[in-house]
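One structure below.
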Amino acid sequence: MASRAALLVLADGRFPAGGHAHSGGAEAAVKAGRIIDAASLAAFCRGRLHTTGLTSAALAAAAALGHDPYALDEAADARTPSPALRAVARKLGRQMMRAARATWPCPELDALAAAFPRGAHQPVVLGVAARAAGLGPEDAAHCVAYETVSGPATATVRLLSLDPFQATAVLARLAPAMDLVAGEAAAAARQGVDALPAASAPLLDITAEQHASWPVRLFAS
């Protein structure tokens with residue numbers, strides 16, 4: 001199926017959307033001693049998935065459904081209290097836009113790029129890209145759910161020299177939770193922008209601000 005192949009392209013960690021440079025909060029969690037092994041990585045990823053992951057997945061699903069991307073970008077801003085994370089989301093959105101326009105050129109992406117020259121929020125761009133690729137809201141939500149946990153897992157392998165087999169096993173065991181979150185996100189998106197979840201993780205917001213001030217760091221966020 002062409003749409004499933006497109007989903008694999010969009011979710012591939014080698015898709016040049018800039019995610020490899022970001023740890024999703026894992027770098028700060030490792031330094032604070034909250035991630036020390038596979039078990040604590042799993043706990044971190046599960047928490048991230050059910051909070052910021054759910055919120056981002058719903059934004060992407062709504063964009064894939066064709067909801068107003070400008071309203072969605074405002075909704076993303078309102079759901080991202082940390083200035084550092086808002087800046088990261090727009091930087092990643094700008095890079096995602098470059099990759100998406102080169103891969104699936106379409107007027108919707110062109111219009112969004114023109115409206116947000118400094119970048120729209122990454123989940124919104126991803127959702128519009130998914131729509132351009134012929135994907136649906138569940139596909140977009142699954143893509144976000146996966147990147148929500150795969151980014152920290154990959155980063156932890158580098159930060160702790162964690163066995164990559166253990167990190168991959170963490171992702172595999174989280175698969176049912178990813179499916180659940182993607183389903184919840186897509187269902188909420190079908191109810192409109194005002195029904196989108198606003199789950200948050202205050203500790204991630206706090207540590208993001210701290211991480212942004214570090215003079216030396218391996219990851220951009």
Side-chain angles (χ1 to χ4, degrees), residues 10-11 13 15-29 44-45 47-64 67-101 108-109 111-131 140-152 154-155 181-182 185 188-189 193 196-214 217 219-221:
L10 187 59
F15 188 69
H20 65 280
H22 298 265
S23 77
E27 185 167 22
F44 176 88
C45 287
R48 192 168 191 266
L49 178 62
H50 286 285
T51 53
T52 58
L54 173 62
T55 300
S56 296
L59 288 163
H67 288 301
D68 182 1
Y70 310 104
L72 290 174
D73 192 78
E74 291 181 353
D77 246 0
R79 288 161 172 77
T80 312
S82 163
L85 289 182
R86 286 199 298 271
V88 165
R90 293 193 181 280
K91 182 177 181 178
L92 284 170
R94 188 165 61 248
Q95 182 65 20
M96 170 66 74
M97 179 66 75
R98 291 181 61 195
R101 291 176 77 190
E108 282 184 274
L109 285 170
L112 190 61
F116 294 94
R118 298 180 64 182
H121 277 262
Q122 191 263 7
V124 178
V125 179
L126 187 149
V128 176
R131 183 176 172 85
H142 269 99
C143 188
V144 172
Y146 177 70
E147 71 176 16
T148 295
V149 295
S150 63
T154 301
V181 165
V193 177
L196 296 179
S200 63
L203 187 57
L204 284 179
D205 295 325
I206 293 169
T207 55
E209 294 299 315
Q210 294 170 344
H211 183 272
S213 69
W214 292 2
R217 54 192 178 186
F219 291 93
S221 71

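Index from 1, following the sequence. Only this structure's heavy atoms are used, side chains among them; waters, hydrogens and symmetry mates stay out. Please read all numbers here as calculations on a predicted model, not as lab measurements.
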State, to 0.1 Å, how close [X] and [Y] come at their nearest heavy-atom pair, and which atoms those are.
{"X": "Leu59", "Y": "Ala75", "result": "CD2-CB, 4.2 Å"}
{"X": "Ala185", "Y": "Ala61", "result": "O-CB, 4.2 Å"}
{"X": "Ala100", "Y": "Phe15", "result": "N-CZ, 4.2 Å"}
{"X": "Ala58", "Y": "Leu196", "result": "O-CD2, 3.7 Å"}
{"X": "Ala60", "Y": "Val144", "result": "CB-CG2, 3.6 Å"}
{"X": "Ala84", "Y": "Ala212", "result": "CB-CB, 4.0 Å"}

Sequence neighbours excluded, which residues qualify as side chain to side chain donor-acceptor pair (under 3.5 Å) partners of [X]?
{"X": "Glu74", "answer": "none"}
{"X": "His211", "answer": "Glu27"}
{"X": "Ser221", "answer": "His22"}
{"X": "Gln210", "answer": "none"}

With side chains defined as the heavy atoms from C-beta onward, is the minimum distance between [X] and [Y] less than 4.5 Å?
{"X": "Leu112", "Y": "Val125", "result": "yes"}
{"X": "Met97", "Y": "Arg101", "result": "yes"}
{"X": "Glu209", "Y": "Pro83", "result": "yes"}

Is there a donor-acceptor pair under 3.5 Å between the side chain of [X] and the backbone N or O of [Y]?
{"X": "Glu147", "Y": "Ala11", "result": "no"}
{"X": "Arg86", "Y": "Pro81", "result": "yes"}
{"X": "Arg48", "Y": "Pro152", "result": "no"}
{"X": "His67", "Y": "Leu72", "result": "no"}
{"X": "Thr207", "Y": "Leu204", "result": "yes"}
{"X": "Arg217", "Y": "Ala28", "result": "no"}

How long is the span from the OG1 atom in Thr154 to the CZ atom in Phe219, to the nearest 0.5 Å?
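Between Thr154 OG1 and Phe219 CZ, I get 8.5 Å after rounding to 0.5 Å.
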Counting only heavy atoms not in Tyr146, do more than 12 sit closer than 6.0 Å to its OH atom?
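No, the 6.0 Å shell around OH holds no more than 12 heavy atoms from other groups.
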Determine, step by step, whether Leu10 and Leu126 satisfy the side-chain contact (heavy atoms from CB on, under 4.5 Å) criterion, reporting the C-alpha distance in whole Å, the side-chain angles of both residues, the deciding distance to 0.1 Å, and the verdict.
CA-CA 8 Å; Leu10 187 59; Leu126 187 149; 4.2 Å; yes
Just jot down the salt bridge (charged side-chain N to carboxylate O under 4.0 Å, His left out) partners of Glu108, sequence neighbours excluded, or say none.
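Result, salt bridge (charged side-chain N to carboxylate O under 4.0 Å, His left out) vs Glu108: Arg131.
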Which residues share a salt bridge (charged side-chain N to carboxylate O under 4.0 Å, His left out) with Arg90, sequence neighbours left out
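Partners of Arg90 under the salt bridge (charged side-chain N to carboxylate O under 4.0 Å, His left out) test: Asp73, Asp77.
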Walk me through whether Phe116 and His121 qualify under side-chain contact (heavy atoms from CB on, under 4.5 Å).
CA-CA 9 Å; Phe116 294 94; His121 277 262; over 6 Å; no
